[in-house]
Amino acid sequence: MSEKRKPYPFDLFEPKWQSHWAENKTYRTPGPGEEGFDASKPKYYILDMFPYPSGAGLHVGHPEGYTATDIVGRYKRMNGFNVLHPMGWDAFGLPAEQYAIKTGTHPRITTEANTNNFRRQLQELGFGYDWDREINTTDPKYVRWTQWIFLQLYHSYFCDEDQKAKPVSELEAKGWSQKDIDEVRLAFIHEAPVNWSPSMGTVLANEEVEEWKKKGETVERRPLRQWMLRITKYAQRLIDELEPLDWPESIKALQRNWIGRSEGAEVTFDVEGNDVTVFTTRPDTLFGATYMVLAPEHPLLDELDVGDDFDDDIIKYQESCANKSDMERGLDKEKTGVFTGAFATNPVNGEKIPVWIADYVMMGYGSGAIMAVPAHDSRDFEFAEKFGLPILQVVQPNGDHDWQGYTDSGTATNSGFLDGLKTKDAKKKIIHWLVENEKGEKKIQFKLRDWLFSRQRYWGEPFPLLWDKETGQHSAVPESELPLLQPEMEDFKPTGDPRGPLINCTDWINYSEKLQRETNTMPQWAGSCWYYLRYCDPDNTENFISPDAENYWGNDDGFVDFYVGGKEHAVLHLLYSRFWHKVLNDLGHVKSSEPFKKYFAPGLIMGEDGQKMSKSLGNVVNPDDVVELYGADSLRLYEMFMGPLDQDKPWAMKGVEGVHRFLAKVWRVAFLEESEGGWVSSGKIVEGENADLAKVTHQTIKRVEEAINTLRFNTGISAMMECTNAYTAAGEIPRDLFLTFLKLLSPFAPHLVEEINATLGETELVSEQAWPVLDESLLVESEIQLIVQVNGKLRARMTVPADISKEDAEARALADPNVTTHTDGKTVRKVIVVPRKLVNIVAN
RNA sequence: GCCUCCGUGGCGGAAUUGGUAGACGCUGUGGAUUUAAAAUCCAUUGAUCCUAGAUCGUGCGGGUUCGAUUCCCGCCGGAGGUACCA
């Protein structure tokens with residue numbers, strides 16, 4: 001019966017305000033052309049990564065970033081901005097499909113239930129989203145434009161000369177054949193070994209393999225025809241255009257690393273009458289190449305005529321490698337390989353060197369062939385040692401290092417015309433020589449690979465493409481037929497057919513006598529590649545975004561002003577979005593070339609035990625439980641008070657109690673508890689003035705503003721706690737100061753603030769009022785404290801007039817008894833006076 | 001191995017153009033209020049010397065400086081990313 005007494009009645013007023021906001025559309029943000037739009041205001045577009053609405057519901061990690069953006073968004077609103085702060089659902093995805101396979105429940109049903117639950121949870125946290133702009137990637141009205149954008153890629157190629165995408169119609173006009181156009185299309189079909197998951201019945205992108213393997217799925221290599229997107233053409237731009245963005249350096253580094261740019265040279269060797277090109281970052285070591293290694297899959301191996309004995313070895317070795325993924329190859333640290341029986345001719349000196357195959361050379365990087373310089377490459381060194389291949393020094397190390405296995409730069413030696421040159425200069429000279437002699441050229445190589453874009457799933461956007469049954473040529477579905485939705489199905493089981501589950505829907509597949517539909521679907525990334533654009537104009541039926549909306553809400557130097565979301569998406573999602581945005585930019589559909597001007601990644605919230613939250617560890621905190629016990633404001637405030645936003649930090653329920661107590665303290669400034677448990681006016685809010693409280697309040701304005709601008713919310717909350725402590729101690733608080741304070745707190749704890757504000761008789765919502773203006777004059781101190789150090793050690797504090805002269809400060813410091821005890825018997829060598837800070841006396 | 005970041009009380013963390021280390025909160029201890037509890041309030045809470053006051057103290061070792069948590073060099077430890085990428 002005796003329910004735990006609530007320190008303030010959040011359970012009554014939080015739902016009340018949430019309904020009020022929803023009914024009055026308090027956070028509705030009209031855009032250009034919409035009723036109530038005020039074009040005179042500046043705009044601010046602040047965006048959260050939209051969630052995948054899983055069956056498990058919201059995790060306490062979600063509200064971390066969402067609260068941060070909510071605070072910044074509310075702050076900007078109060079400062080006169082039109083703030084676009086939307087929310088939606090990245091709702092395609094495997095879990096709903098797998099649930100469908102198990103239960104027969106259509107993914108659309110599951111998805112709807114999950115989004116409803118997520119929406120409820122977010123609304124119960126009081127976030128100021130404009131729910132009229134809600135989007136869902138599975139909504140046919142959204143799918144239509146995802147497919148439309150895909151067709152823009154399909155109809156484009158990358159022009160190397162201008163470094164941008166252009167319509168393939170330009171090539172058609174020049175008389176290019178379809179076959180040649182397909183060689184350059186941004187969306188193209190390609191047969192290659194891919195990661196096929198028998199357990200899931202789909203292929204996966206390289207980037208996804210490890211994630212699913214961890215979850216227990218099986219993945220194997222298998223050659224299949226797949227749709228790819230030619231992201232590699234954008235590699236250089238994706239690096240260069242990252243530079244000016246306001247992103248954390250660590251995230252930029254992650255992307256650069258992933259794109260993996262290497263400068264070097266291509267060198268052509270003759271192998272038994274065939275040209276074989278290798279890529280090397282150290283062309284200066286060409287004289288030290290003592291053998292060549294081909295990847296086991298290298299096409300040359302089929303051409304070579306080396307005799308049956310060698311052929312057998314080669315085939316045996318190829319078979320042993322074929323079953324291993326790149327990842328597994330990496331795990332076998334022990335070098336393996338076989339001699340092919342063939343020899344290559346080193347172009348620079350005519351040396352005959354043996355050609356080997358080994359799986360430490362990958363077909364997917366460079367040309368799938370290397371010149372091995374064992375003296376100056378650790379892998380080649382290891383291989384040469386194991387197989388007794390010659391090791392020839394061609395670099396004289398800087399400093400006192402052993403030349404064997406020395407991989408840094410130095411001075412060329414045993415290298416003919418390069419001898420004596422520093423590595424840097426030797427590189428230049430040898431490249432010049434290679435070009436002159438038509439044996440190679442300078443080359444920039446990237447690790448980034450083209451994006452495997454097709455999946456064999458039901459719950460994804462179907463490709464709006466058709467195949468001619470006779471010619472085998474593909475073509476696009478007319479735009480008027482978009483969206484192209486999946487057919488209704490009862491049975492979602494994988495067929496084992498690598499064309500995916502849609503292959504069973506014969507009615508759907510057969511488009512006409514001649515034409516058949518593509519049965520692959522797009523990966524989950526597709527919808528999240530462009531959703532930030534759709535929020536600006538979510539109901540547009542003519543265009544994916546109107547030029548007016550694009551123009552008003554976007555920036556030229558990065559569309560979204562501020563993007564917040566987990567760093568687990570730092571590489572893939574952010575890279576894919578940037579790629580699509582650049583294509584849309586190249587084709588003239590958007591003005592900016594980058595989607596996100598500023599980006600920030602909140603840290604992970606760990607379990608109370610300091611470990612990552614997981615069901616198996618039983619340390620997961622459910623936001624619903626926290627809201628039930630302490631209210632939404634407490635949850636919001638706690639997540640911001642835990643520590644720096646970008647840092648990983650452990651959950652502590654005691655900490656929630658702490659901020660809960662703080663909010664109760666604010667409540668009790670305005671209210672007094674009756675013996676019956678009700679609340680009446682405290683009578684402490686009065687008309688009047690109080691210079692001390694005015695000073696504290698204005699200091700708090702300053703500190704909270706700084707905290708919001710630098711995303712260090714924890715320090716802003718500390719400031720508000722100190723301010724509240726001052727109010728509590730004061731007894732009576734001037735009404736205008738308290739109302740000012742409420743404005744400061746409102747972005748953090750909007751429910752509590754609106755409730756107090758309304759009860760005080762104010763009629764306008766705090767969130768719709770202007771942010772307080774700092775009065776610097778109130779912060780001016782007439783007296784300040786100076787500290788006095790002797791030899792850098794604190795010895796005394798003195799209260800002095802704020803405008804004290806250096807001379808007076810020095811004189812008073814030297815006379816201070818706490819100072820003289822430490823200077824007596826010593827000679828004062830020097831006195832440093834830092835105005836308004838300290839006096840340091842150097843004496844010995 | 002490489003890239004990026006981090007290391008401050010019992011805990012989360014404050015303190016940046018180098019200037020009082022430990023703000024704010026949690027925990028602990030003592031007290032007030034209460035029939036009791038909840039809630040609330042007050043004091044105290046880096047270590048050592050066991051009062052004063054002093055000494056030590058921001059991972060370790062150096063350096064620059066009147067002065068270093070902050071800047072520089074070299075280590076140690078941790079987190080994340082990536083990895084036979086030629």
Side-chain angles (χ1 to χ4, degrees), chain A residues 2-8 248-258 260-262 264 278-282 285 293 326-327 329-335 358-362 364-373 377-380 382-383 407 445-449 567-568 570-571 603-604 610 638 641-644 646-659 661-662 664-665 668 673 677 703 712 714-722 725 728-729 785-797 818 821 829-832 834 836-843:
Chain A
S2 67
E3 189 186 319
K4 192 177 156 187
R5 183 70 170 282
K6 297 203 162 47
Y8 69 95
E249 179 51 37
S250 60
I251 303 293
K252 287 187 184 180
L254 238 49
Q255 290 224 346
R256 273 189 226 108
N257 206 305
W258 188 260
R261 183 181 191 275
S262 302
V278 304
F279 173 71
T280 174
T281 54
R282 291 298 297 274
T285 62
V293 185
D326 287 1
M327 192 60 70
R329 283 194 192 182
L331 293 176
D332 299 332
K333 284 291 169 197
E334 182 73 9
K335 296 271 182 297
D359 68 359
Y360 80 93
V361 174
M362 309 290 158
Y365 183 76
S367 58
I370 63 158
M371 63 179 213
V373 184
D377 179 283
S378 53
R379 295 146 303 177
D380 298 343
E382 203 187 312
F383 192 82
T407 56
Q445 186 68 46
F446 296 94
K447 276 198 274 184
L448 184 69
R449 313 216 187 154
K567 56 174 166 274
E568 66 272 22
V571 176
L604 222 55
Y638 173 63
F641 188 60
M642 289 174 85
D646 58 347
Q647 203 165 292
D648 295 345
K649 43 212 175 264
W651 187 267
M653 213 47 113
K654 285 285 184 189
V656 186
E657 283 180 31
V659 293
R661 265 201 284 274
F662 159 64
K665 217 163 169 174
R668 284 198 313 275
E673 193 172 14
R703 290 172 69 187
R712 294 187 322 194
N714 50 334
T715 61
I717 295 167
S718 295
M720 289 188 284
M721 286 174 167
E722 288 178 51
N725 289 341
T728 303
Q785 199 181 59
L786 277 191
I787 60 148
V788 186
Q789 297 177 332
V790 178
N791 293 330
K793 278 184 186 150
L794 175 67
R795 295 301 177 188
R797 298 180 168 87
N818 288 327
T821 53
R829 302 286 175 193
K830 198 173 177 183
V831 179
I832 291 117
V834 182
R836 303 183 67 85
K837 294 265 182 188
L838 56 67
V839 180
N840 188 16
I841 298 158
V842 186

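Residue numbering restarts at 1 for every chain, and letters A, B, ... go by the order of the sequence lines. In this text the structure is predicted, and so the values were computed from the model without any measurement. Every heavy atom of this structure was used, including side-chain atoms; hydrogens, water molecules and symmetry mates were not.
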Donor-acceptor contact present, side-chain A:K649 to main-chain A:Q647, <3.5 Å: yes

Side-chain donor-acceptor pair present, A:N840, A:K830, cut-off under 3.5 Å: no

Sugar-phosphate, base or nothing in reach of A:L254, heavy atoms under 4.0 Å: sugar-phosphate

Steps toward side-chain contact (heavy atoms from CB on, under 4.5 Å) verdict (A:V659, A:M721): CA-CA 9 Å; A:V659 293; A:M721 286 174 167; 4.1 Å; yes

Candidates B:C24, B:A15, B:C84 - which lies nearest the side chain of A:M721: B:C24

Contact under 4.0 Å: A:R829 side-chain N or O vs B:G67 OP1/OP2: no

Glycosidic conformation of B:G9, taking syn as within 90° of 0 and anti otherwise: syn

Value in whole Å for how far the C1' atom of B:C11 lies from OH of A:Y638: 10 Å

Side-chain N,O (A:R712) to OP1/OP2 (B:A15) below 4.0 Å: yes

Touch class at under 4.0 angstrom, heavy-atom based, for A:P644 against every strand present: sugar-phosphate

Touch class at under 4.0 angstrom, heavy-atom based, for A:K793 against every strand present: sugar-phosphate

Touch class at under 4.0 angstrom, heavy-atom based, for A:G655 against every strand present: nothing

Whole-Å gap separating P (B:U82) and NZ (A:K252): 20 Å

Sugar-phosphate, base or nothing in reach of A:R261, heavy atoms under 4.0 Å: nothing

Nearest-Å distance for atom pair CE/P, residues A:M642 and B:A14: 13 Å

Under-4.0 Å side-chain N/O to phosphate OP1/OP2 contact, A:S378 with B:C84: no

A:N791 side-chain N/O to A:A843 backbone N/O, donor-acceptor pair under 3.5 Å: yes

Phosphate contact (B:G81 OP1 or OP2) by A:R256 side-chain N/O below 4.0 Å: no

Gap between atoms CD and C1', on A:E657 and B:U40 respectively (whole Å): 14 Å

Touch class at under 4.0 angstrom, heavy-atom based, for A:N725 against every strand present: sugar-phosphate

Sugar-phosphate only, base, or nothing, as touched by A:K447 at under 4.0 Å among non-hydrogen atoms: base

Among B:A86, B:G19, B:G12, the one nearest A:F641 by side-chain distance: B:G12

A:Y638 and A:W651 aromatic ring geometry - parallel, tilted or perpendicular at 30°/60° bounds: perpendicular

Nearest-neighbour nucleotide for the A:N840 side chain, B:G19, B:A86, B:U20 considered: B:G19

Closest approach of A:R282 to A:T407 (non-hydrogen atoms, all atoms of both residues): NH1-O, 2.9 Å

Sugar-phosphate only, base, or nothing, as touched by A:T728 at under 4.0 Å among non-hydrogen atoms: nothing

Closest approach of A:V373 to A:D380 (non-hydrogen atoms, all atoms of both residues): N-OD2, 3.0 Å

Sugar-phosphate, base or nothing in reach of A:Q789, heavy atoms under 4.0 Å: base

B:U4 - base-pair partner by Watson-Crick or wobble geometry, distances under 3.5 Å: B:A79

Pairing nucleotide - B:G12, Watson-Crick or G-U, each distance under 3.5 Å: B:C24

Distance below 4.0 Å between A:K830 side-chain N/O and B:C66 OP1 or OP2: yes

A:V790 versus A:R795, closest heavy-atom pair with distance: CG2-CG, 3.7 Å

Sugar-phosphate, base or nothing in reach of A:V834, heavy atoms under 4.0 Å: base

B:C11 base / A:K654 side chain donor-acceptor hit below 3.5 Å: no

Phosphate contact (B:C41 OP1 or OP2) by A:R668 side-chain N/O below 4.0 Å: yes

Side-chain N,O (A:N714) to OP1/OP2 (B:A14) below 4.0 Å: yes

Rounded interatomic separation in angstrom, taking CG from A:L604 and P from B:G81: 10 Å

Sugar-phosphate only, base, or nothing, as touched by A:S718 at under 4.0 Å among non-hydrogen atoms: base

Between P of B:G1 and CG of A:N257, the distance in whole Å: 16 Å

Under 3.5 Å on both distances, the Watson-Crick or G-U partner of B:A39: none

Distance, rounded to the nearest Å, where A:D646 contributes CG and B:C6 contributes C1': 10 Å

Sugar-phosphate only, base, or nothing, as touched by A:K567 at under 4.0 Å among non-hydrogen atoms: nothing

